[in-house]
> 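Supplied in structure tokens, the structure appears directly below.
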2 protein chains.
Amino acid sequence: MGATKTDLFSKKQNELAAMAKALAHPARIAILQVLVKTNACVCGSLVDELGLAQATISQHLKELKQVGLIQGTIEGTSVCYCINPKVWQQYKEFFAMFFKELPENKSCC
Amino acid sequence: MGATKTDLFSKKQNELAAMAKALAHPARIAILQVLVKTNACVCGSLVDELGLAQATISQHLKELKQVGLIQGTIEGTSVCYCINPKVWQQYKEFFAMFFKELPENKSCC
DNA sequence: AATATTAATCGTAATATTGCAATGAATAGA
DNA sequence: TCTATTCATTGCAATATTACGATTAATATT
């Protein structure tokens with residue numbers, strides 16, 4: 001097998017897992033940090049900054065775009081990527097909510 | 001290829017990616033939620049609740065234990081798992097910090 | 001038109017993950 | 001001791017991910 005049994009879990013659980021997955025690679029973390037910092041970026045400069053091949057970065061960008069974390073528009077020959085503030089905020093809230101539900105330290109072990 | 005080039009990224013970036021990876025599966029999300037709710041749990045009840053094979057759940061528990069998110073002690077014949085509050089808090093702070101750096105909506109696209 | 005630049009896509013290889021059956025180890029109760 | 005229970009570990013098969021070279025598509029420049 002090896003296919004995740006998404007049907008066994010709630011929509012929220014699958015959603016949160018998918019969100020975590022989008023962040024589950026240092027290259028994507030790095031890309032997001034660069035985008036946050038510069039607030040706008042083409043693929044080329046990312047290639048220089050990160051040291052990965054252009055094709056690889058393009059794929060990571062695609063994944064980030066698929067989950068909605070970034071958005072891009074074509075500007076002549078180059079593409080402008082930036083954070084999608086709404087989705088970013090959503091992510092922030094989702095993770096905060098998930099980690100908020102900390103139990104009252106009745107720790108059993 | 002296919003091996004992540006961890007050496008290209010900072011320690012923090014790799015760390016955050018690893019943390020996200022630990023959450024990047026609905027089964028692990030579900031397990032954590034159950035542990036948070038009941039605050040103590042053996043593997044058996046998880047098998048009943050989640051509908052995955054015992055071996056599969058055991059593996060997910062192992063992964064969660066490896067990243068430190070949960071801790072377990074043997075209690076006779078059954079094992080007691082619970083959230084590690086310190087690491088949980090750490091996760092919370094890490095993600096909050098990451099998402100806090102939202103730019104001042106000068107959105108370019 | 002010919003060339004250069006930029007980024008997406010395709011094909012591939014290597015590696016990682018997911019899931020389960022089978023087996024193993026340890027304790028509890030008959 | 002024998003058996004049942006509980007969970008970990010091992011080994012396998014299916015699938016997913018990561019990475020890059022090569023190619024493609026589109027616009028810019030000469």
Side-chain angles (χ1 to χ4, degrees), chain A residues 1-9 13-14 17-31 34-35 40-67 70-82 109, chain B residues 1-9 13-14 17-31 34-35 40-67 70-82 109:
Chain A
M1 319 280 160
T4 300
K5 291 197 158 184
T6 51
D7 52 303
L8 282 182
F9 308 103
Q13 288 169 335
N14 283 309
M19 289 165 89
K21 203 172 196 173
L23 303 175
H25 198 283
R28 291 196 287 275
I29 296 284
I31 288 173
V34 170
L35 286 182
C41 203
V42 290
C43 181
S45 55
L46 285 173
V47 173
D48 293 341
E49 283 197 65
L50 301 188
L52 287 172
Q54 179 266 325
T56 306
I57 290 183
S58 182
Q59 265 193 327
H60 284 302
L61 286 171
K62 190 179 166 189
E63 282 183 69
L64 289 174
K65 199 158 62 177
Q66 254 165 2
V67 298
I70 65 173
Q71 54 193 178
T73 41
I74 297 163
E75 272 187 9
T77 180
S78 69
V79 173
C80 163
Y81 282 110
C82 64
C109 336
Chain B
M1 321 281 157
T4 300
K5 291 197 158 183
T6 51
D7 52 302
L8 281 181
F9 307 103
Q13 287 169 336
N14 283 309
M19 290 165 88
K21 204 173 197 173
L23 302 176
H25 197 283
R28 291 196 287 275
I29 294 284
I31 288 174
V34 170
L35 287 183
C41 203
V42 289
C43 180
S45 54
L46 286 173
V47 173
D48 293 340
E49 284 197 64
L50 302 188
L52 287 172
Q54 179 266 324
T56 306
I57 290 183
S58 183
Q59 265 193 327
H60 284 302
L61 286 171
K62 192 177 165 189
E63 282 183 69
L64 290 173
K65 198 158 61 177
Q66 254 165 2
V67 299
I70 66 173
Q71 54 194 178
T73 41
I74 297 162
E75 271 187 8
T77 179
S78 66
V79 174
C80 163
Y81 283 110
C82 63
C109 333

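First the proteins, then the strands, lettered A, B, ... as listed; each starts at 1.
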> Give the rounded distance in Å between these two atoms: CG of B:Leu46 and P of D:dT6.
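Value for this atom pair: 13 Å.
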> Taking side chain to side chain donor-acceptor pair (under 3.5 Å) as the test, write out the residues that go with A:Thr56, two or more places apart.
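Partners of A:Thr56 by the side chain to side chain donor-acceptor pair (under 3.5 Å) criterion come out as none, since no residue qualifies.
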> Can you identify which nucleotide, out of D:dC7, C:dT9, C:dT18, has its nearest atom closest to the B:Tyr81 side chain?
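So the side chain of B:Tyr81 is nearest to D:dC7.
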> Please report, rounded to the nearest Å, how far the P atom of C:dC20 is from the NZ atom of B:Lys62.
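Computing the B:Lys62:NZ to C:dC20:P distance gives 17 Å.
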> Output the residues of residues 49-61 of chain A in contact with DNA chain C, where contact means a heavy atom of the residue under 4.0 Å from an atom of the strand; sort by number or write none.
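Only A:Gln54, A:Ala55, A:Ser58 qualify.
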> Show every salt bridge (charged side-chain N to carboxylate O under 4.0 Å, His left out) that has at least one partner inside residues 18-28 of chain A, sequence neighbours left out.
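Qualifying pairs: A:Arg28-A:Glu63.
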> Hey, does B:Val47 reach any base, or is it just sugar-phosphate, or nothing, if we go heavy atoms under 4.0 Å?
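Contact class for B:Val47: none.
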> Could you let me know what D:dA4 is paired to, Watson-Crick or G-U wobble, both distances under 3.5 Å, or none if it's on its own?
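C:dT27 - that is the nucleotide pairing with D:dA4, both distances being under 3.5 Å.
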> Got a sec, which residues hit side chain to side chain donor-acceptor pair (under 3.5 Å) with A:Gln54, two or more places apart in sequence or on another chain?
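For A:Gln54 there are no side chain to side chain donor-acceptor pair (under 3.5 Å) partners, ignoring immediate neighbours.
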> Please name all residues satisfying side chain to side chain contact (heavy atoms under 4.5 Å, CB included) with A:Val42, sequence neighbours left out, ordered by chain then number.
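In terms of side chain to side chain contact (heavy atoms under 4.5 Å, CB included), with neighbours along the sequence ignored, A:Val42 is linked to A:Ser45, A:Ser78.
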> Could you check A:Ser45 against A:Thr6 and say which one's nearest nucleotide on DNA chain C is further toward the 5' end?
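Closer to the 5' end of DNA chain C: A:Ser45.
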> Classify the ring geometry of A:His25 against B:Phe9: parallel below 30°, tilted from 30° to 60°, perpendicular beyond 60°.
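The rings of A:His25 and B:Phe9 stand perpendicular, inter-plane angle above 60°.
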> State which residues pass side chain to side chain donor-acceptor pair (under 3.5 Å) with B:Gln66; sequence neighbours excluded, sorted by chain then number.
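Scan of B:Gln66 (side chain to side chain donor-acceptor pair (under 3.5 Å), adjacent residues dropped) gives none.
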> Rounding to a whole Å, what distance do you find between A:Ile29:CD1 and D:dT18:P?
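In whole Å, D:dT18 P lies 12 Å from A:Ile29 CD1.
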> Please work out if A:Lys21 contacts a base, only the sugar-phosphate, or nothing of the nucleic acid, heavy-atom cut-off 4.0 Å.
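Result for A:Lys21 = sugar-phosphate.
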> Rounded to whole angstroms, how far apart are CD1 on B:Ile31 and P on C:dG19?
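It is 10 Å, rounded to the nearest whole Å.
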> From NE2 of A:His25 over to P of C:dT15, roughly how many Å is that when rounded to an integer?
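After rounding, the reported distance stands at 14 Å.
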